[in-house]
Amino acid sequence: MNRKKMVNTRSSRENQDASERGPQPQKETTGNQEGNSRLSITAEIHKIIDEKMGSILNGVIKPCPYKTFLSCQPPEFSGSTDPTAILNWITEMEMTFDLCECREEQKVKFAVRMLKGNAFSWWNVTRMLLGDEAASHLTWGDFVEKVKERYCSHTDLFSMEREFVNLEKGNMTVDEYACLFVEKLQYVGHLAPSDEDCVARFVAGLSFEYSINVENVKNLNEAICVAKRLEEIENEKEEREDVGEKRKWGGELGSLKKSKGEVKSC
């Protein structure tokens, strides 16, 4: 009897303690499942990214289809006696490669398809002398050097450098001089590799009245703007002087006419 009474007493105390603690929270099994799902998705994303990065680092990049290359409207080249023509073609072709994300080994193969006329004949002879095997492994840099040798020689480059160094504003407007300066600069950029060099070269072609006000600016665009403003001030000054001269001569002629009229009436 005592043992039974003790068991009942312990059971009643446990029930009382449970009722005092209140309802216990249930385990959130659904939340754990969602968390595990998120972790799984995140891991999968990281796996895909790692695979993509690995492909890029290993050079496994999808080739650019020739149709995509043509859709970027690559320039044609038919040969020219003007050395700037081939330099412009090379620059535009490299811009096209960047646009269509062309692989390195595709560049020469695509570029030679854009050669026409005399340039196409030159390439056929060059390929024959190199041999098909060597020609097929020609890098873009090597191809550029060869096409420059044919259409823009060292003599041509030296002549372009001399023209740029000797360029002066003279009787040109500032706009005309600036356009010619920039046009020549793009082919001989090694002569003015920094902002300070560009300004110095630009100032060298200006007259003294312009150069003393332009030489301390920071870049070429600012130098052109300052020179144009000085030109405007000079033009406005000349216009005022012209108006003054016209008024002066107009007054003298009027007085002369009036004087002649008085003599005649007399």
Side-chain angles (χ1 to χ4, degrees), residues 48-49 51-167 178-194 197-198 201 220:
I48 294 172
I49 292 173
E51 290 176 354
K52 291 289 184 182
M53 291 301 296
S55 298
I56 293 173
L57 293 174
N58 293 327
V60 183
I61 303 174
K62 187 177 180 181
C64 169
Y66 184 64
K67 184 177 181 180
T68 301
F69 171 74
L70 291 178
S71 69
C72 295
Q73 300 180 342
E76 294 181 351
F77 181 68
S78 301
S80 176
T81 56
D82 180 4
T84 63
I86 187 61
L87 298 179
N88 288 334
W89 181 79
I90 291 170
T91 300
E92 291 179 28
M93 188 61 68
E94 289 175 344
M95 292 173 65
T96 303
F97 291 151
D98 289 339
L99 183 61
C100 68
E101 297 182 348
C102 185
R103 288 169 58 167
E104 185 64 31
E105 63 270 19
Q106 294 179 294
K107 292 180 179 180
V108 176
K109 295 177 181 178
F110 286 177
V112 296
R113 298 289 185 91
M114 297 296 105
L115 299 178
K116 309 296 178 183
N118 178 267
F120 180 72
S121 300
W122 164 82
W123 170 247
N124 280 335
V125 173
T126 302
R127 183 178 59 181
M128 180 181 65
L129 295 174
L130 288 172
D132 291 339
E133 181 68 19
S136 64
H137 290 88
L138 203 65
T139 66
W140 173 247
D142 292 336
F143 174 80
V144 167
E145 289 300 318
K146 290 187 176 298
V147 77
K148 277 184 178 181
E149 288 176 5
R150 171 62 184 86
Y151 294 103
C152 184
S153 65
H154 291 295
T155 303
D156 293 325
L157 289 173
F158 178 74
S159 178
M160 295 165 65
E161 290 173 354
R162 187 173 59 228
E163 289 178 3
F164 175 72
V165 171
N166 295 331
L167 181 63
C179 288
L180 194 57
F181 180 89
V182 172
E183 180 182 340
K184 293 183 179 298
L185 175 62
Q186 67 177 321
Y187 306 120
V188 292
H190 57 280
L191 296 180
S194 66
D197 294 328
C198 287
R201 291 287 181 184
L220 181 59

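Please read these numbers as outputs of a predicted model, since none were measured by experiment.
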Would [X] and [Y] count as having a side-chain donor-acceptor pair, cut-off 3.5 Å?
| X | Y | result |
| --- | --- | --- |
| Ser80 | Asp82 | no |
| Asp142 | Thr139 | yes |
| Asp197 | Ser194 | yes |

From [atom1] ([X]) to [atom2] ([Y]), nearest 0.5 Å:
| X | Y | atom1 | atom2 | value |
| --- | --- | --- | --- | --- |
| Phe120 | Glu76 | CZ | CD | 12.0 Å |
| Phe97 | Arg103 | CZ | CZ | 14.0 Å |
| Arg150 | Lys148 | CZ | NZ | 16.0 Å |
| Leu191 | Arg201 | CG | CZ | 5.5 Å |
| Cys72 | Glu92 | SG | CD | 13.5 Å |
| Leu138 | Glu145 | CG | CD | 11.0 Å |

Listed once per pair and sorted, the side-chain hydrogen bond (donor to acceptor under 3.5 Å, both in side chains) pairs that draw on residues 178-190, sequence neighbours left out: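 For residues 178-190: Asn88-Tyr187, Glu161-His190, Glu163-Lys184.
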Set out, in order, the CA-CA distance, both residues' side-chain angles and the distance that settles side chain to side chain contact (heavy atoms under 4.5 Å, CB included) for Cys152 and Leu157, then state yes or no. CA-CA 7 Å; Cys152 184; Leu157 289 173; 3.6 Å; yes
Polar side-chain atom of Thr68 near backbone of Cys64 as donor-acceptor pair, under 3.5 Å: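 Such a contact is absent between Thr68 side chain and Cys64 backbone.
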Ring pair (Phe, Tyr, Trp, His ring centres under 6.0 Å) with Phe164: which residues, sequence neighbours excluded?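 Ring pair (Phe, Tyr, Trp, His ring centres under 6.0 Å) check on Phe164 returns Phe181.
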Those residues that, when tested against Trp123, pass ring pair (Phe, Tyr, Trp, His ring centres under 6.0 Å) (two or more places apart):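 With neighbours one apart ignored, the set is Phe143.
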Determine the minimum heavy-atom distance between [X] and [Y], stating which atoms define it.
| X | Y | value |
| --- | --- | --- |
| Ala192 | Leu185 | CB-CD1, 3.9 Å |
| Lys109 | Ser136 | CE-O, 4.3 Å |
| Met93 | Pro75 | CE-O, 3.5 Å |

A side-chain contact here means heavy atoms from C-beta on lying under 4.5 Å apart; do [X] and [Y] qualify?
| X | Y | result |
| --- | --- | --- |
| Pro74 | Phe110 | no |
| Lys146 | Leu130 | yes |
| Asn124 | Met128 | no |

Test side chain to side chain contact (heavy atoms under 4.5 Å, CB included) applied to Arg127 and Val112, step by step: CA-CA 11 Å; Arg127 183 178 59 181; Val112 296; over 6 Å; no
Do other residues, nucleotides or ligands put more than 12 heavy atoms under 6.0 Å from Tyr66 OH?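 For Tyr66, atom OH is crowded (more than 12 foreign heavy atoms under 6.0 Å).
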From CA spacing to verdict: side chain to side chain contact (heavy atoms under 4.5 Å, CB included), Phe77, Met114: CA-CA 6 Å; Phe77 181 68; Met114 297 296 105; over 6 Å; no
Between Phe69 and Gln106, does a side chain to side chain contact (heavy atoms under 4.5 Å, CB included) hold up when you go through it step by step? CA-CA 10 Å; Phe69 171 74; Gln106 294 179 294; over 6 Å; no
Can you confirm whether or not the ring centre of Tyr151 sits under 6.0 Å from the ring centre of Trp89?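 When the ring centroids of Tyr151 and Trp89 are compared, they turn out to be at least 6.0 Å apart.
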Given Arg162, Met160, His154, the one that forms side chain to side chain contact (heavy atoms under 4.5 Å, CB included) with Phe158: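 So, applying the side chain to side chain contact (heavy atoms under 4.5 Å, CB included) to Phe158 and each of Arg162, Met160, His154, only Arg162 qualifies.
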